[in-house]
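A short write-up of the structure that comes next.
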Amino acid sequence: MFKKILIANRGEIACRVIKTARKMGIKTVAVYSEADATALHAEMADERVFIGPAASAQSYLSIEKIVDAAKQTGAEAVHPGYGFLSERETFAEALRQAKIAFIGPNVHAIAAMGDKIESKKLAAKAKVSCVPGFIGEIHDLKEAAKIAGEIGYPVMVKASAGGGGKGLRIVWAENELAQAIQSSQHEAKASFGDDRLFIEKYITEPRHIEIQVLGDKHGNVIHLGERECSIQRRHQKVIEEAPSPFLDEKTRAAMGAQAVALAKAVQYESAGTVEFIVDKDRNFYFLEMNTRLQVEHPVTELVTGLDLVEQMIRVAAGEKLSIKQEDVKLKGWAVESRIYAEDPYRNFLPSTGRLVRYRPPAESITNGRTIRNDTGVYEGGEISIFYDPMIAKLCTHAATREQAIDLMSDALDHFGIDGIAHNIPFLQAVMTHPRFRAGKLSTNFIADEFKGGFHGADLTAELKDRMSAAAVFMQLREEERRRKISGQLNGTTAVSKEWTVTLNSADVYAARTMTEGRDVVAVRLGDGKASRMIEVESTWRPGEPVFLGEVAGHPVAMQVKRKSDTYALVHRGASAAITVRRPRIAALSTYMLFKAPPDTSKLLLCPMPGLVVSIAATVGQEVKAGEPLAVVEAMKMENVLRAERDGVIKRIAAKPGDSLPVDAVILEFE
Ligand code: ADP
Ligand code: ADP
Ligand code: MG
């Protein structure tokens, strides 16, 4: 076994690999860029090597610097994680020449599977069922139209070098083909420096289901069942689970057999993933093979009980697989949520800055229920514009799918993040969505169910009551504290029992506190017949950012922020601003003057720190709502900023190449 390995990556995956190495008694070397001098992965490793500037091209993507770092520290092997150099055959080759082991597949397998056209040819030869289409490069529009016509619309135009959901376009009819080819080609050239395209059938109502494979250097290959990754936004995975609620034993076995056949065809000798697209009749078609550890590998670990990183390290050191196909048993259900630094309320724009608060739910294994959180950040750390915006991967595992989802909902409620925008409310809205819970998934789920964007989960009557009752409880605790501090009242004088609750400045109802104990308050919400008694039990005290307790018999966690006299609460993905006042004060407050915030409706502001790529508008131009105005790049993503309403451009304040802070003015309307 290796004594020391280097991890050629950063963030959560570097931390995750270090954990397993440590468990195996292997020393670790981290590499880090200027932006990562205080990053968690660099802190965790036994040794660390500085490899250059923040831009990945000059650090995490520099083969030379990483090979040098391995030589210099005497690391015998390198784990590439995912992304960065993980699927570069030149990297695996450079390591081979330096006589350093690559914890991944052989150079040929990477090369054969790295190109979508080549891998489809190979898959067809290994009798793997491929998406119908023409397996080859298209050269011009005429040829493309002919091929698309033969396949039958809708079709998908794809970049052969593609990855990360880039260079893909759905084409519903011939008149959209030219545009799709142009933009796909442009994106492929910019992202991969390779603009070869091909066309395949677009499978409608598609589900993304992939098979985890594992091989060794002795010709053994097994599969570890599937993961379903159909919850995607713009062809990028957001929520994954194992097993898939859609597969039966027969389909699973058939997909597994094909995945193993393909892996054997390239002498696969590590962990890898064969991705399939599955139609509503459970026909499945090969999409691509990822020759690396996948982001969502933890759900497979949770249902199989295996440590995939450990398996990768063992087979890289030449060990034989110690498990056979028949030893693989899938147990229970696992779900993963990718927690991203992005603002779901503002079209998922990436967010950067300091993590002022970072309090993940506690990791635990109790009564067959597991909460696991893979992360590479810490409270006080920085989310920079240079790398991918993933903050953490929260996973839960339980006996059934329903229990795993409930556990996830609960864990998401406990997760506290401040300082940057994050997608937890959105993930929560998916977890509580009836269609998701019913397992009726497709890769169009998000587009279908959140058509007009995301505006918070529905505030149902039940949630309103639950949050209002908790707010009354918290208000009582605040008043108690104030009484003690001012010394005006010593607790023997009765506090008010009558309250007026105002929710989101819209719903107003009466509340009456009935009985009150140290940690229990019974609240009557509403008047007369419509009133309901709700018991709240909690040890919450003023200043705590999370309300934990029981409301009407339900265990509840809510994120709490006190803003002057209002509680901003977030629970199950829904937000509510609740004010609890004496009835007389509430009545008087309606006479308060409203102070309008400054009018920024005539400005296009930069939504996050980033680099201006292009400005599409000119002074005097008339634009319609939805028209693109500018493109700003941050976190490897190009973000198109669009007009929110019709208007005429008065002034342009930024130019391509400008590096802007958040809220900088880009242009102004008349
Ligand atoms: P996986 O196939 O393992 O599920 P993804 O498909 O999400 O991973 O991502 C494919 C690759 O693209 C990964 O190597 C990942 O590092 C990278 N990637 C994913 N999302 C982003 C992002 N938002 N920005 C930059 N890179 C990303
Ligand atoms: P990448 O290398 O970017 O991961 P993939 O080929 O794996 O590219 O496709 C990414 C996603 O695009 C899939 O998960 C799926 O949602 C969608 N997709 C790709 N090909 C098809 C297809 N032929 N029909 C329907 N959806 C597809
Ligand atoms: Mg893919």
Side-chain angles (χ1 to χ4, degrees), residues 82-83 86-88 110 112-124 128-135 138 147-148 151-172 180 183-185 187-188 190-192 194-213 226-241 244 246 255 259 262 272-297 338 388 441-448 636-637:
Y82 55 72
S86 60
E87 291 177 282
R88 299 267 174 104
I110 301 175
M113 291 301 158
D115 187 90
K116 287 192 164 74
I117 294 176
E118 292 310 311
S119 73
K120 274 184 86 169
K121 284 185 181 158
L122 229 147
V128 172
S129 63
C130 293
V131 182
F134 165 72
I135 310 183
I138 51 167
I147 293 167
I151 298 170
Y153 291 93
V155 298
M156 207 158 188
V157 172
K158 292 177 122 176
S160 195
K166 292 212 172 97
L168 305 171
R169 292 291 180 283
I170 303 172
V171 184
W172 294 94
S183 56
S184 189
Q185 206 153 36
E187 201 168 286
S191 310
F192 319 112
D194 175 346
D195 61 1
R196 287 169 309 126
L197 301 181
F198 67 102
I199 298 182
E200 65 185 21
K201 179 87 189 151
Y202 177 71
I203 307 298
T204 46
E205 290 178 58
R207 299 176 75 127
H208 175 118
I209 302 178
E210 57 188 33
I211 303 283
Q212 175 71 52
V213 297
E226 80 282 6
R227 294 182 285 260
E228 173 147 11
C229 319
S230 296
I231 305 299
Q232 306 184 345
R233 210 174 61 77
R234 294 202 244 153
H235 308 300
Q236 290 192 340
K237 300 160 185 166
V238 181
I239 293 168
E240 303 97 339
E241 60 186 292
S244 158
F246 194 54
M255 289 174 76
L262 180 62
T273 298
V274 180
E275 296 189 333
F276 292 95
I277 202 91
V278 183
D279 73 12
K280 59 182 188 304
D281 302 316
R282 290 199 184 81
N283 297 309
F284 58 87
Y285 308 97
F286 169 69
L287 273 185
E288 62 161 344
M289 179 168 188
N290 291 324
T291 54
R292 56 172 162 87
L293 189 65
Q294 204 100 338
V295 174
E296 59 276 16
H297 73 279
R338 298 192 188 191
D388 119 29
L441 313 183
S442 113
T443 59
N444 303 323
F445 178 91
I446 291 177
D448 287 351
K636 300 178 151 188
M637 301 282 282

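Just so you know, ligand 1 is whichever comes first in the structure, and atom 1 is the first atom listed for that ligand.
In terms of polar-atom proximity, defined here as any N/O pair under 3.5 Å, Gly165 does make such a contact with ligand 2. For the pair Gly164 and ligand 2, the shortest N or O to N or O distance falls below 3.5 Å. In terms of polar-atom proximity, defined here as any N/O pair under 3.5 Å, Glu288 does make such a contact with ligand 2.
When only modelled atom types and interatomic distance are considered, Ser160 and Asp115 share a side-chain donor-acceptor pair under 3.5 Å. For the residue pair Glu240 and Gln294, no side-chain donor N or O sits within less than 3.5 Å of a side-chain acceptor on the partner.
Taking the charged nitrogens against the carboxylate oxygens, Arg292 and Glu87 do have a contact shorter than 4.0 Å, which makes a salt bridge. Between Glu288 and Lys158 there is no salt bridge, since no side-chain N of the basic residue sits under 4.0 Å from a carboxylate O of the acidic one.
For the pair Gln212 (side chain) and Gly272 (backbone), a donor-acceptor distance under 3.5 Å is present. No donor-acceptor pair under 3.5 Å is formed between the side chain of Ser191 and the backbone N or O of Gly162.
For atom 21 (C) of ligand 2, the nearest non-hydrogen atom from the set Arg234, Lys201, Met156 belongs to Met156. Scanning Gln232, His235, His208 for the heavy atom closest to atom 16 (O) of ligand 2 points to Gln232.
Heavy-atom separations between Gln236 and ligand 2 are all 4.0 Å or longer.
Here is the list of ligand 2 atoms found below 4.0 Å of a heavy atom in Leu168: 9 (O), 10 (C), 12 (O). The distance from ligand 2 to the heavy atoms of Tyr202 drops below 4.0 Å at these ligand atoms: 24 (N), 25 (C), 26 (N). The atoms of ligand 2 that sit less than 4.0 Å from any heavy atom of Glu275 are 7 (O). Using a 4.0 Å cut-off to heavy atoms of Thr443, the atoms of ligand 2 that qualify are 16 (O). Every atom of ligand 2 with a heavy atom of Leu287 under 4.0 Å away is listed here by number and element: 7 (O), 13 (C), 19 (C), 20 (N), 21 (C). Numbered from 1 in the order shown, with element, the atoms of ligand 2 that lie under 4.0 Å from a heavy atom of Gly162 read 2 (O). Taking every heavy atom of Lys158 and a limit of under 4.0 angstrom, the matching atoms of ligand 2 come to 6 (O), 19 (C), 20 (N).
Contacts of Lys237 with ligand 2, taken as heavy-atom pairs under 4.0 Å, are absent altogether. Contact annotation for Ile203 and ligand 2: heavy atoms of both the backbone and the side chain come within less than 4.0 Å of the ligand.
Of all N/O/S atoms in Glu288, OE2 sits nearest the Mg ion (ligand 3).
In this structure, CG on Leu287 lies 9.5 Å from SG on Cys130, to the nearest 0.5 angstrom. Interatomic distance, OG1 of Thr273 versus CZ of Arg227, reported as 4.0 Å (0.5 Å rounding).
Between Ala159 and Lys116, the shortest heavy-atom contact is O-CD, 3.8 Å.
Looking at residues two or more places apart in sequence or on another chain, you find a side-chain contact (heavy atoms from CB on, under 4.5 Å) between Asp279 and Ile203, Asp281, Asn283, Tyr285. Applying the side chain to side chain donor-acceptor pair (under 3.5 Å) rule to Ser244 yields the partners Glu228; only residues at least two apart in sequence or on another chain are considered.
At a cut-off of 2.8 Å, Glu275 coordinates the Mg ion (ligand 3) through an N, O or S atom.
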